[in-house]
Amino acid sequence: MTADRTPRPGVTGDSIRARLLDRALTTAIARAGAPGRIRFTERQLYYEMCRVLRPVHTVPRRVPLTPAPPLRYERFEETLRRRDEETPGLLAPLPAAPSVPHRPAEPDLYDYGLPRLLVCQSRSVARMLLANDLHLEAACPVFAADDAPLDPRLVAGLGRVEGATVHVLHDASTAGIALTARVRAEVPGIRVASMGLVPRHATALHLISQRGPTPATAPGPAGAASGLEPRELEWLADGRTAEVESVPPARLLRTVLRMVRGPRASSYSVWTGLRELRTAGFMTWPSN
């Protein structure tokens, strides 16, 4: 007796792949919002889904790796649009860029010294940080690079505080590395610190890396000023980029908060210190 090899109605290779992607997306949504109902962007959800499909982040950190995405963004969008329910935690699409730079709504902000300020290369990242109240928890205004030049009154507020710092959060890319120098030129006399990403962070965390055309301008001068190693400059010159949005949302929030607030007073227990070591962010270079 011969087995019936006729495929069942409605079951095809495409339908099976669609179900697998639907399942991966559901897992990615749960992971992106954990813990504590984190708000996240669509692109952050895409990278989380890539980690579900190809969990290379579980490879030991001592193995440098920046894999290509296992899923095209267009296929991810199709899967997301196929959902018949609201996606918890997902921020609405980013509105069109404003015609004028963003200005704080509170005029009193200009009357005081400002110890810190955060400039993000990506408007989506700045919006995500604000949606998760990082500016309140860190007592730090958050701007996008598109908001530059900064209001002169903000720059004056930074100048009133000794050691005030402008932190720059950017992609591991030629344009991202150059952003820190650009911001530094806009706030003369104020300390400007790059928070990353840089290629060594991307390889240590095994972030998804996009590969584009070779940059028209070599990252040499800006890269050397940022303390990049030769292999990092080669990584950039090869047209590779790793976006800040490829960092898991919880890790991104935790690390940015830690870096912006600066070192804490040594009035916590040994157990607290061990917990902080266990949850160290992407700016901590692995020791093994």
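What's counted below: heavy atoms across the whole structure, side chains too, no hydrogens, waters or symmetry copies.
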Nearest 0.5 Å please: distance from the [atom1] atom of [X] over to the [atom2] atom of [Y].
| X | Y | atom1 | atom2 | value |
| --- | --- | --- | --- | --- |
| C120 | H170 | SG | NE2 | 11.0 Å |
| L169 | S194 | CG | OG | 8.5 Å |
| L114 | R153 | CG | CZ | 13.0 Å |
| T180 | H167 | OG1 | NE2 | 12.0 Å |
| I38 | R251 | CD1 | CZ | 12.0 Å |
| R231 | E234 | CZ | CD | 10.0 Å |

In this structure, would [X] and [Y] fall into the same cluster of hydrophobic residues linked by side-chain contacts under 4.5 Å?
| X | Y | result |
| --- | --- | --- |
| L65 | L205 | no |
| Y46 | L90 | yes |
| V52 | I208 | no |

Under the side chain to side chain contact (heavy atoms under 4.5 Å, CB included) criterion, do R184 and V168 qualify, and how do the steps go? CA-CA 10 Å; R184 187 172 288 119; V168 182; over 6 Å; no

Non-hydrogen atoms of [X] and [Y] that approach each other most closely:
| X | Y | result |
| --- | --- | --- |
| P199 | A172 | N-CB, 4.0 Å |
| D147 | R123 | OD1-NH2, 3.1 Å |
| P67 | L207 | CD-O, 3.4 Å |
| E86 | R83 | O-NH2, 4.0 Å |
| L80 | L25 | CA-CD2, 3.7 Å |
| L236 | T174 | CD2-N, 3.9 Å |

Any non-hydrogen side-chain atom of [X] less than 4.5 Å from a side-chain atom of [Y]?
| X | Y | value |
| --- | --- | --- |
| Q210 | P69 | yes |
| L117 | V119 | yes |
| T203 | E232 | no |
| M49 | L45 | no |
| L71 | L21 | yes |
| V166 | V192 | yes |
| L158 | R191 | no |

Which donor-acceptor pairs under 3.5 Å do the side chains of residues 238-249 make with protein atoms, sequence neighbours left out?
from : atom 1 : to   : atom 2 : distance (Å)
D238 : OD2    : R211 : NH1    : 2.4
R240 : NH1    : T66  : OG1    : 3.1
E243 : OE1    : R43  : NE     : 2.6
E243 : OE1    : Y47  : OH     : 2.8
E243 : OE2    : R43  : NE     : 3.3
E245 : OE2    : T41  : OG1    : 2.7
S246 : OG     : E243 : O      : 2.5

Audit row: W235, S209, side chain to side chain contact (heavy atoms under 4.5 Å, CB included) steps and yes/no: CA-CA 10 Å; W235 190 91; S209 170; 3.6 Å; yes

Is there a side chain to side chain contact (heavy atoms under 4.5 Å, CB included) between V56 and R51 once you walk through the steps? CA-CA 7 Å; V56 292; R51 281 187 286 273; over 6 Å; no

Verify the distance criterion only: is there a donor paired with an acceptor across the side chains of E42 and Y73 at less than 3.5 Å?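 Result is yes, a qualifying pair exists.
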
Could you go through E78 and R75, starting from their C-alpha distance and side-chain angles, then the distance that decides it, and tell me whether this counts as salt bridge (charged side-chain N to carboxylate O under 4.0 Å, His left out)? CA-CA 5 Å; E78 292 172 7; R75 192 67 187 271; 3.7 Å; yes

Just distance, no hydrogens or angles: give the donor-acceptor pairs under 3.5 Å from side chains in residues 128-145, sequence neighbours left out.
from : atom 1 : to   : atom 2 : distance (Å)
N132 : OD1    : R39  : N      : 2.9
N132 : ND2    : R39  : O      : 2.9
N132 : ND2    : M128 : O      : 2.8

Is the CZ atom of R81 crowded by more than 12 outside heavy atoms at less than 6.0 Å?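 Yes, CZ of R81 has more than 12 neighbouring heavy atoms, counting only those of other groups under 6.0 Å.
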
Is it the case that atom CZ in R82 sees more than 12 heavy atoms from other parts of the structure closer than 6.0 Å?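 Yes.
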
Has Q121 got a side-chain atom pairing as donor or acceptor with D171's backbone, closer than 3.5 angstrom? yes

Going through the checks in order, is the salt bridge (charged side-chain N to carboxylate O under 4.0 Å, His left out) test met by D22 and R19? CA-CA 5 Å; D22 289 341; R19 289 179 188 177; over 6 Å; no

